[in-house]
Number of protein chains: 2
Amino acid sequence: MGATKTDHFTAEQNEIARLAKALGHPARVAIVQHLIRVNSCICTDVVNELPLAQPTVSQHLRELKDAGLIRGNISGNSICYCIDYDRLHKLHFFIEKLRNNRPNGGKIC
Amino acid sequence: MGATKTDHFTAEQNEIARLAKALGHPARVAIVQHLIRVNSCICTDVVNELPLAQPTVSQHLRELKDAGLIRGNISGNSICYCIDYDRLHKLHFFIEKLRNNRPNGGKIC
DNA sequence: ACTATTAATCGTAATATTGCAATATTAATT
DNA sequence: AATTAATATTGCAATATTACGATTAATAGT
């Protein structure tokens, strides 16, 4: 196999998994951090920032974009990437909802 | 390749990626949701809840445990799994920090 | 027009993940 | 001791991910 059985899960579970998966690689965490620090940047900037080759960075950017965590706007020669804060909020809020169920006292088992 | 270059990233980036990756599959999102709903449960409960075979569930539980998102306590014959809310907080807080950089107005590019 | 810059895509190799049947392990129960 | 119940482990097949060199396509600058 190797293929996830997405059919058997809810839309929300699949969406959250997609967002989390996008953050599930240190390079993509680093890209998101950098992107937030500088507000917006182009692929070359990320390549200079990370110890990865250009095609690899491009691939990571694409995965972040496919998950909706970042957006890319064509700007002449280059593409201006930036965070989609609404999507980041979605993941944040989901985890918040989970945490709200924490029982008083903390430990359970 | 196929192996992540963890050496080149910070401990935080690797840790966050690890946590996010654990949530990066709908089955594991479902397991976490279930675990939070019922506070704690055993592997068999999850097997009855999800459309996955027992070894597959066991594997997903292990990945969640390895990432630190859940804990398992041996209780006689079975193992009582529960959420590690501190670890969940870690991921939540990281995303919160990212979001705090959101510029006034919202859009950037 | 020519050249440089930017970034995507293609092709490929190495490794990881997902899923399950079969089996093993461990502890409770009879 | 034999049986049952709960999980983990093993082995394997299918697929996905990670990484990069080489190439391509498109725009910018000269």
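These numbers were taken from a predicted model, which means no experiment stands behind them. In what follows, chains are A, B, ... by sequence order, proteins preceding strands, each numbered from 1.
- Nucleic acid contact class of S58(B) (heavy atoms, under 4.0 Å, all strands): base.
- Within 4.0 Å (heavy atoms only), T56(B) reaches at least one base atom of the nucleic acid.
- Taking atom CG of residue D7(A) and atom P of nucleotide dT18(C), one finds them 16 Å apart after rounding to whole Å.
- A donor-acceptor contact under 3.5 Å links the side chain of Q54(B) to the base of dA8(D).
- At least one side-chain nitrogen or oxygen of H25(B) sits closer than 4.0 Å to the OP1 or OP2 atom of dG19(C).
- OP1 or OP2 of dA19(D) has at least one side-chain nitrogen or oxygen of H60(A) nearer than 4.0 Å.
- Rounded to whole Å, the distance from CG on N73(A) to P on dT6(C) is 18 Å.
- Rounded to whole Å, the distance from CZ on R28(B) to P on dA16(C) is 15 Å.
- Looking at heavy-atom distances under 4.0 Å, I42(A) makes contact with sugar-phosphate atoms alone, never a base.
- Ring-plane geometry between F93(A) and H89(A) is classed as parallel, the angle between the planes falling under 30 degrees on a 0 to 90 degree scale with a further cut at 60.
- For dA16(D), neither phosphate oxygen OP1 nor OP2 lies less than 4.0 angstrom from any side-chain nitrogen or oxygen of K21(A).
- Atom CG of L35(A) sits about 11.0 Å away from atom CG of D84(A), to the nearest 0.5 Å.
- Rounding to whole angstrom units, CD1 of residue I74(A) and P of dA25(D) are separated by 16 Å.
- Close to dA5(D), at under 4.0 Å from its OP1 or OP2, lies no side-chain N or O of T44(B).
- For the pair L64(B) CG and dT7(D) P, the interatomic distance rounds to 15 Å; values are reported in whole Å.
- Relative orientation of the H25(B) and F9(A) rings is perpendicular, given thresholds of 30° and 60° on the angle between their planes.
- Between the side chain of R18(B) and the backbone N or O of D66(B) there is at least one donor-acceptor pair closer than 3.5 Å.
- Checking side-chain atoms of N14(B) against main-chain N and O of A11(B) turns up no donor-acceptor pair under 3.5 Å.
- Going from atom CZ of F9(B) over to atom P of dT18(D) covers 11 Å, rounded to whole Å.
- Side-chain atoms of R87(B) come within 3.5 Å of backbone N or O of A67(B) as a donor-acceptor pair.
- As judged by a 4.0 angstrom heavy-atom cut-off over every strand, E63(A) is placed among residues touching the sugar-phosphate backbone only.
- For dA19(D), its base sits under 3.5 Å from the side chain of Q59(A) at one donor and acceptor pair at least.
- Note on L52(A): only backbone sugar-phosphate atoms sit closer than 4.0 angstrom, heavy atoms only; bases stay farther off.
- With DNA chain C read from its 5' end, the first of the two nearest nucleotides for A3(A) and L61(A) is the one closest to L61(A).
- At dT27(D), none of the side-chain N or O atoms of S78(A) fall inside 4.0 Å of OP1 or OP2 (strictly under the cut-off).
- Of the side-chain N and O atoms in R62(A), none sit less than 4.0 angstrom from OP1 or OP2 of dA7(C).
- Side-chain nitrogen and oxygen atoms of Y81(A) include at least one within less than 4.0 Å of the OP1 or OP2 phosphate oxygen of dA8(C).
- Between H8(B) atom NE2 and dC20(D) atom P the separation is 8 Å, expressed in whole Å.
- The CG-P distance, from N77(B) to dA6(D), rounds to 7 Å in whole Å.
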